[in-house]
Amino acid sequence: MGKKALLVTRVSGFVPQFEMNNVKILQEMGYEVHYAANYNTVVYGGDNSRLADTGIHRHSIHFCRSPFSLAVWRSYKELVQLMLEEKFDLVHCHMPMTGILARKAAEKVRKMTGRRTAVLYTAHGFHFFKGAPFGNWLYYMPERHYARYTDKLILINQEDYERGSHFPVRGSVEFVPGVGMKPLPERDPSFHLREAYGIPQDHKVVVSVGELTEAKNQVTLIRAMDRFRSEKLTCIICGTGPLRDLLEQKIKEMYLQEKVILAGYCTNIPDILRQADFFAFPSQREGLSVALMEAMQAGLPIMAADIRGNHDLIEDGKGGFLFTENLLEDYVQAMQYFMKYPEEAERMGEWNKKQVVNFSLEVVEKRMREIYSAAEGEKD
C-alpha cells in the first residue's frame, strides 16, 4: 500500500492558492495526497474548479469558524473517522481552528491504533503577536497545548518563530520564509490596466490586494483617497470578502466612485501590479503576506503597517514606508511623496525586487523537502 498524506484547512481554496507546491513535493515523494476542507466555504475563488486534475483526493468536513459552534464536535468526529479509514502516514494542517482539530484527531487515532503518523502544522501567522488585542491572546494557550502533538511546527516570520521556539513541541520548530514566490508569469499583452477599469491614462494607480475584512483595513485606504479628489490618482482594491457591501457603501457615501474601484477577485494580479505605480497594504495583522511579496516582485514601492511579517519583508525607507500607527494620514503622506518624487518610488521598487528573492519558491521548496523528509524519517 502506498503512502498517504492529508492536508487540512477550514475553508476550500486555501490549498490551490498557497499549497500546490507542497502538494507537488509530497506527490514526488510518493504520497497519495488527500485534502480535507469545508467545500461549501470557498475563498480565493468562486468554486472548487482549481482542484480538478490535481490528483488530490477530496474529503468534505463540516468545519466552521467559531470555536463555540456545535459543528466543531461534529467536524472533529468526521476527522477521526477519516483518519481511521485512510490510515494516513502524514498530516499537514493549516489555519488555527483546523490546526487544533487535526492535531487533536491525529492524537486520538494514535492512541486508538498505536499507528504513528507524522503531524505537521503551519501557522500562517499566530493570532497573538506584539500589539495584538487582548482577545487574540486567547489563542495562545490552545496553540501552546497542541504543540505537544506536533512533530513539525512550521512558522513563517521571525516573531512567531521566536515565540514558538519556547513551546513544548513534540518534535521541532522550523522556520520557513513563507509559501514561496514563483517567478512572475509572462505579461499578457492584451491587458491594459487603465483601459480595463476606465482610468484616465495620465492617472497614477495605487493597488491594494486582500480579502475584504476588518483586519485588512481597506476602509483606511478609501478614506485616504478622499484627500486626492482633484489629484490624478486612482485606487484599485482587489479581493472579495464579507465587507464588500460595507466598503461599497462607504465609497458611495464619500462620492469616491470615480476614485476607488472594488475590482473583486482577480486572476491577473501580476499584470495589474506590473501596470500600477504604488502598493498600499493597510492590513492590521499578517503572517507573511503573499500579496505584499507579489507587489515587491512587480517592483512597486510599499505603504504598510510596521507589523509582524511586514518588517520581515520591507525595510522602512528602502522598500517603502512602514507605519507604526497605520493611520489614514500615513497613507496620505506616503502617496503624496510617491507622486511628488517618482524617482524615489522607482528606487524603492527596485530594492523590493532584489529583496523578495530571499523568499523565492526555490528557497522555500528546499526547506519543505527537508522538513517532510525529516518528519517521515522520525515517524519510522
Side-chain angles (χ1 to χ4, degrees), residues 43-44 124-125 127 129-133 136 157 159 204-229 231 233-251 253-254 256 259-266 269 272-273 276-298 300-339 345 348-349 352:
V43 294
Y44 309 108
H124 297 268
H127 269 47
F129 54 92
K130 184 179 179 181
N136 288 40
N157 61 66
E159 182 180 326
K204 297 286 188 180
V205 176
V206 56
V207 171
S208 188
V209 178
E211 189 180 4
L212 306 184
T213 63
E214 187 174 350
K216 295 296 183 181
N217 192 32
Q218 289 96 350
V219 69
T220 293
L221 181 57
I222 292 170
R223 291 171 58 217
M225 287 301 297
D226 184 47
R227 302 279 287 275
F228 295 89
R229 289 182 181 275
E231 302 289 335
L233 177 68
T234 300
C235 175
I236 298 177
I237 298 174
C238 303
T240 60
L243 290 194
R244 181 181 175 91
D245 290 345
L246 187 148
L247 296 178
E248 204 164 53
Q249 181 182 346
K250 187 72 175 175
I251 291 167
E253 287 175 355
M254 299 181 71
L256 290 173
K259 302 295 292 182
V260 182
I261 298 166
L262 296 183
Y265 180 76
C266 301
I269 292 295
I272 291 174
L273 294 172
D277 298 282
F278 328 127
F279 189 78
F281 198 57
S283 179
Q284 298 168 321
R285 183 182 74 239
E286 289 297 326
L288 195 73
S289 170
V290 171
L292 184 54
M293 287 190 279
E294 287 179 333
M296 295 171 67
Q297 197 176 40
L300 293 182
I302 306 298
M303 300 166 272
D306 187 10
I307 56 175
R308 171 200 62 180
N310 288 1
H311 52 228
D312 286 36
L313 296 166
I314 301 293
E315 188 172 336
D316 185 49
K318 290 189 175 181
F321 299 112
L322 295 179
F323 309 130
T324 303
E325 298 295 328
N326 202 35
L327 301 176
L328 174 154
E329 195 63 33
D330 293 326
Y331 292 91
V332 171
Q333 291 179 6
M335 288 189 281
Q336 288 173 339
Y337 180 86
F338 289 147
M339 292 184 73
M348 290 176 175
N352 284 334

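Counting begins at 1 with the first residue of the sequence.
- Distance check, rounded to the nearest 0.5 Å: CZ of Arg244 to CG of Leu212 gives 7.0 Å.
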Which is it for Leu327 and Thr220 under the side chain to side chain contact (heavy atoms under 4.5 Å, CB included) test, yes or no, and what are the steps along the way? CA-CA 7 Å; Leu327 301 176; Thr220 293; over 6 Å; no
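- Aromatic ring centres of Phe338 and Phe321 lie closer together than 6.0 Å.
- Rounding to the nearest 0.5 Å gives a distance of 7.5 Å between CZ of Arg285 and OG1 of Thr213.
- Using a cut-off of 4.0 Å between Lys/Arg side-chain N and Asp/Glu carboxylate O, Arg227 and Glu329 are scored as salt-bridged.
- Distance alone, capped at 3.5 Å, is enough to place a donor-acceptor pair between the Lys259 side chain and the Leu233 backbone.
- When the shell of 6.0 Å around CD of Glu214 is examined, it contains 12 or fewer heavy atoms from other residues, nucleotides or ligands.
- To the nearest 0.5 Å, atoms CG (Leu292) and CD1 (Ile314) are separated by 5.0 Å.
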What's the verdict on salt bridge (Lys or Arg N to Asp or Glu O under 4.0 Å) for Glu286 and Lys216, showing C-alpha distance, side-chain angles and the deciding distance? CA-CA 9 Å; Glu286 289 297 326; Lys216 295 296 183 181; 2.5 Å; yes
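- Looking only at distances, a side-chain donor or acceptor of Asn352 sits under 3.5 Å from a matching main-chain atom of Leu300.
- Checking side-chain atoms of Asn217 against main-chain N and O of Gln284 turns up no donor-acceptor pair under 3.5 Å.
- In this structure, Asn326 contributes its side chain and Phe323 its backbone to no donor-acceptor pair below 3.5 Å.
- A distance of 6.5 Å separates CG in Asn157 from CG in Leu288, rounded to the nearest 0.5 Å.
- Considering OH of Tyr44 and OG1 of Thr240, their distance stands at 9.0 Å, rounded to 0.5 Å.
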Under the criterion side chain to side chain contact (heavy atoms under 4.5 Å, CB included), I'd like the reasoning laid out for Ile307 against Lys130: C-alpha separation, chi angles, the key distance, then a yes or no. CA-CA 8 Å; Ile307 56 175; Lys130 184 179 179 181; over 6 Å; no
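- Under the 3.5 Å distance criterion, with hydrogens and angles disregarded, no donor-acceptor pair is assigned to the side chains of His127 and Asn136.
- Distance alone, capped at 3.5 Å, places no donor-acceptor pair between the Gln218 side chain and the Ile237 backbone.
- From Phe228, atom CZ reaches atom CE of Met335 across 4.5 Å, with rounding to the nearest 0.5 Å.
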